[in-house]
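Worksheet for the structure shown next.
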Amino acid sequence: MEKQYKALQEGLEKMKLVTVSAAIKETQLSREEIINFVKAHEKLRIFDDLQHHWINENVDGHC
């Protein structure tokens with residue numbers, strides 16, 4: 001399980017994983033596990049393609 005979370009974190013940091021559905025396919029983690037992980041790490045963000053909103057999105061870096 002630890003290996004899956006590490007793959008998730010690396011994928012999010014490198015922006016190779018940007019949606020929950022892509023993260024599920026890549027890591028085999030559940031939707032709930034992925035969302036909870038991202039919420040627990042405020043510097044990470046992901047787009048919830050079922051609910052159509054960003055998790056941990058903020059205005060930093062926006063023009």
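No experiment lies behind these values; they were computed from the predicted model shown.
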- Message: Hydrophobic cluster membership, with links at side-chain heavy-atom distances under 4.5 Å among I/L/V/M/F/W/Y: are Ile55 and Phe47 in one?
- Response: no
- Item | Partners meeting ring pair (Phe, Tyr, Trp, His ring centres under 6.0 Å) with Phe37 (sequence neighbours left out) | Tyr5, His41
Which donor-acceptor pairs under 3.5 Å do the side chains of residues 11-30 make with protein atoms, sequence neighbours left out?
{"unit_1": "Glu13", "atom_1": "OE2", "unit_2": "Gln9", "atom_2": "NE2", "d": "3.0"}
{"unit_1": "Thr19", "atom_1": "OG1", "unit_2": "Ser21", "atom_2": "OG", "d": "3.4"}
{"unit_1": "Thr19", "atom_1": "OG1", "unit_2": "Ala22", "atom_2": "N", "d": "3.1"}
{"unit_1": "Ser21", "atom_1": "OG", "unit_2": "Asp49", "atom_2": "OD2", "d": "2.4"}
{"unit_1": "Thr27", "atom_1": "OG1", "unit_2": "Ala23", "atom_2": "O", "d": "2.7"}
{"unit_1": "Thr27", "atom_1": "OG1", "unit_2": "Leu29", "atom_2": "N", "d": "3.2"}
{"unit_1": "Gln28", "atom_1": "NE2", "unit_2": "Lys25", "atom_2": "O", "d": "2.8"}
{"unit_1": "Ser30", "atom_1": "OG", "unit_2": "Glu33", "atom_2": "N", "d": "3.0"}
{"unit_1": "Ser30", "atom_1": "OG", "unit_2": "Glu33", "atom_2": "OE1", "d": "3.2"}

- Message: Closer than 3.5 angstrom, by distance alone: can the side chain of Asp48 be matched with the main-chain N or O of His53 as a donor-acceptor pair?
- Response: no
- Message: The test is side chain to side chain contact (heavy atoms under 4.5 Å, CB included); show your working for Leu8 and Gln4 and say whether it passes.
- Response: CA-CA 6 Å; Leu8 175 62; Gln4 293 155 313; over 6 Å; no
